[in-house]
Number of protein chains: 2
Amino acid sequence: MLSDVAQLAGVSISTVSRVLTGRTPVSPRLRDKVQAAVSELGYRPNAAAQTLVSGRRSTVAVLARNTLRYGYAATLQGIEEAARAAGYVVSIAVVESEAPRDLDRAVDLVLSQSLAGAIVVEFDSLGVRTLESLPDALPVVAAAGARRRPGPRPHAFLDDQAGGEEATRYLLGLGHRTVHHVAIPSTRPRSGRTWGWRRALESAGVERPDVIQASYDPDSGYEAGLVLAADPAVTAVLCGNDELAIGVMRALTEQGRRVPEEVSVVGFDDQPFARMWSPPLTTVAQDFVDLGRRTFGMLARWVETGERPEDSAAKPELVVRESAAPPRV
Amino acid sequence: MLSDVAQLAGVSISTVSRVLTGRTPVSPRLRDKVQAAVSELGYRPNAAAQTLVSGRRSTVAVLARNTLRYGYAATLQGIEEAARAAGYVVSIAVVESEAPRDLDRAVDLVLSQSLAGAIVVEFDSLGVRTLESLPDALPVVAAAGARRRPGPRPHAFLDDQAGGEEATRYLLGLGHRTVHHVAIPSTRPRSGRTWGWRRALESAGVERPDVIQASYDPDSGYEAGLVLAADPAVTAVLCGNDELAIGVMRALTEQGRRVPEEVSVVGFDDQPFARMWSPPLTTVAQDFVDLGRRTFGMLARWVETGERPEDSAAKPELVVRESAAPPRV
DNA sequence: GCGGGTCCTGCAAACGTTGGTCAGAAGTTA
DNA sequence: TAACTTCTGACCAACGTTTGCAGGACCCGC
């Protein structure tokens, strides 16, 4: 309590407040006395009272479908890191499922706080819906996987379309006739890695196989791998993420098709285990931690200056390791 | 603002407050009018004002060394899930390094909020320091990896000592003469998986090799694997976590020692990729998500009833897959 | 030594809720 | 129909801070 400090220091409450906020000059003599009293009492300002009167908010909420999967967790880490450096607290709310009540629940919880702003991790279609259900008055920045044209809310994104294109061109460049694709669920139809893969094939004038739709998990990659293994024409596979890639590779090797000698496999994300796989996984590295930092940076600037930030993009990078090779002739 | 709602509904501010808090009965007629006004205006109570006057807090902070590594992220997920269900918001603060200023920074940020309580993820030695620097007045529960005797603060833990013991006995039971161990950094000397491994060897009356000390990462497992591979007497290795295990396996196979035919490897944690490895990894599964839920449950009960909770424990479970086998005769 | 200016300090009013107290209305019983 | 009980609704203080305003102390130059 400010009044206890004031009493111990023998000054008025407002002087203590001024010393602590630092906005108004206070004479060195009183300042020292106040600081001594503060540390003697171990005083901590009451956050509720502060935001009530000053309107200053210093927590930002993160809404995400998941916090465990690598991309989400890494983005969250980046956000937290940047927020902590800037003196903001970050709170999290996961949107459990597609069910409207789960969305409402998460949004309610988030809005029940006194927020400076919010970040939604828009790596999936639920993210898009989440973004829409937040009030317009709240500054919200989205951290997105795929590039998209500027919309009502600012986005920081990873240009995974460019990544998909690059990886596909790389496989084609190795001499493969075409590239198969095991896709993660996509946010919107014409964006993302799948679209990049498609464009690369088209601009190379090459036959485009059907997309094998999967989820995010290795199991689902394994299923896909089984159907791929059954088709002798398959020599190169681009997977929507690294988990899918290891599932695919597992199925392939179990069916006696060697990677990369008979089939090349490329992943996406460059999760920590990717380089430890056997063979070490060639994959498209996405810097999620940096995405998180950037997203928070945009939000903080918005909140502090009042200027709505521009979208920001970063290009993923192909990391060549050993799971892809030229086809056997 | 409550007054806007009151005006629109044609009632007094306190009536609106009564309707919203629900503590005092209000006639159905007015209640409906108020609720209509609330939804028309999209009114949300001001959280700062509420906690200021009522003293009710509904955010819990989580302090952790890391949020990306599997065990931490999964624990966090469990905490968040339970908290959301109970209507609490969770905020996170990572303690970046051993440096005191990083600890202070995180603790300051956490304490700058109006907290109901806090949880520290005590999987490492920094966790125990964090626990110590939180004020005694704040309800704090620790989520710990290793069993420990009851201390000043309540703990929820995973009994990884039992897990380490079981895994070691399993390898011995397969016929291995002894079991080598690649250890993660430990919180305290006589606890955890390493201690379990040691006890299992001792009670089997078997020679105990030196511990190979590693960090948490595959690279460090790889280093360890290299020294293990050079020693022909090594036939079974228990690793402190799954990342270490894959690093070890990679080094082993690179050096021409086949897993599990020549060397058996067992991991710890059962991360999602473990069952997709080749060979699928035999490992000690720890339910971190459940640990998180339990920890939050303890904290919530404490906060709500005022009774300090008892420690709670869960035993990990050995998941037998294909990376361990009887030694060649 | 005095007027004018510069700093500093303290008083008091907010910020948006909650919840206790009290008055008045409605319902019930004799 | 009067008196009594039981609710319902209005008013107001309080929560712990920040900050505009005004007055007090001190310093400088004339």
Side-chain angles (χ1 to χ4, degrees), chain A residues 1-38 41-59 87 89 108 111-116 135 137-138 304, chain B residues 1-38 41-59 87 89 108 111-116 135 137-138 304:
Chain A
M1 282 244 297
L2 221 39
S3 58
D4 297 339
V5 178
Q7 194 171 16
L8 181 60
V11 298
S12 75
I13 292 183
S14 14
T15 302
V16 179
S17 173
R18 281 194 259 265
V19 170
L20 294 178
T21 58
R23 287 187 202 300
T24 320
V26 172
S27 63
R29 201 176 50 90
L30 290 200
R31 201 190 313 134
D32 291 348
K33 281 199 344 200
V34 167
Q35 270 153 358
V38 163
L41 294 175
Y43 167 81
R44 301 256 175 197
N46 178 312
Q50 273 179 324
T51 69
L52 177 59
V53 64
S54 70
R56 222 172 310 121
R57 266 108 222 238
S58 56
T59 116
V89 168
D108 276 355
L111 296 180
S112 75
Q113 312 166 66
S114 298
L115 288 184
L138 187 71
E304 284 161 18
Chain B
M1 283 246 295
L2 222 38
S3 59
D4 297 339
V5 178
Q7 194 171 17
L8 182 60
V11 298
S12 76
I13 292 182
S14 17
T15 303
V16 180
S17 174
R18 301 248 145 91
V19 169
L20 295 177
T21 57
R23 285 188 200 299
T24 320
V26 173
S27 68
R29 199 176 53 90
L30 289 201
R31 202 190 313 135
D32 291 348
K33 278 194 358 194
V34 168
Q35 270 154 357
V38 163
L41 294 175
Y43 166 81
R44 300 258 175 194
N46 178 312
Q50 274 179 323
T51 68
L52 178 59
V53 65
S54 70
R56 224 171 308 123
R57 267 108 222 238
S58 57
T59 116
V89 168
D108 276 355
L111 296 180
S112 75
Q113 312 167 65
S114 297
L115 288 183
L138 186 71
E304 285 161 15

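Note that the structure is a prediction, hence the values are computed from the model and not measured. Proteins come first, then strands; the chains are lettered A, B, ... in the order of their sequence lines, and each starts at number 1.
Residues passing the side-chain hydrogen bond (donor to acceptor under 3.5 Å, both in side chains) test with B:Asp108, sequence neighbours excluded: A:Arg44. Legend: residues meeting side-chain hydrogen bond (donor to acceptor under 3.5 Å, both in side chains) with A:Thr15, ordered by chain and number and at least two apart, are A:Ser12. In this structure, A:Pro25 has no side chain to side chain contact (heavy atoms under 4.5 Å, CB included) partners at least two apart in sequence or on a different chain. Every residue two or more places apart in sequence or in another chain was checked for a side-chain hydrogen bond (donor to acceptor under 3.5 Å, both in side chains) with A:Gln50, and none qualifies. With sequence neighbours left out, A:Thr59 forms a side-chain hydrogen bond (donor to acceptor under 3.5 Å, both in side chains) with no residue at all. In this view, A:Gln35 and A:Val19, A:Arg31, A:Asp32 satisfy the side chain to side chain contact (heavy atoms under 4.5 Å, CB included) rule, not counting sequence neighbours. For B:Ala47, the side chain to side chain contact (heavy atoms under 4.5 Å, CB included) test picks out A:Ser114, with sequence neighbours left out. For A:Leu2, the side chain to side chain contact (heavy atoms under 4.5 Å, CB included) partners two or more places apart in sequence, or in a different chain, are A:Ile13, A:Val16, A:Ser17, A:Leu20, A:Tyr43.
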Review point. How does protein contact run along nucleotides 8-16 of chain D, one letter per nucleotide 5' to 3', with B for base contact, S for sugar-phosphate only, - for none, heavy atoms under 4.0 Å?
Key: SSBB--BBB
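Of the inter-residue distances, the one linking A:Ser112 atom OG with B:Asn46 atom CG reads 11.0 Å to the nearest 0.5 angstrom.
With axes fitted over five pairs at each extremity, the angle between the ends of the helix from C:dG1-D:dC30 to C:dA30-D:dT1 is 40° (10° resolution).
Contacts of B:Thr51 with the nucleic acid, taken as non-hydrogen atoms under 4.0 Å apart, are absent. Using a 4.0 Å heavy-atom criterion, one finds that B:Arg56 contacts the sugar-phosphate atoms exclusively.
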Point to revise | Chi angles and distances behind the side chain to side chain contact (heavy atoms under 4.5 Å, CB included) call for B:Val38, B:Val34 | key: CA-CA 6 Å; B:Val38 163; B:Val34 168; 4.2 Å; yes
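A 4.0 Å heavy-atom criterion places the boundary nucleotides of DNA chain C facing chain A at C:dC8 to C:dG16, written 5' to 3'.
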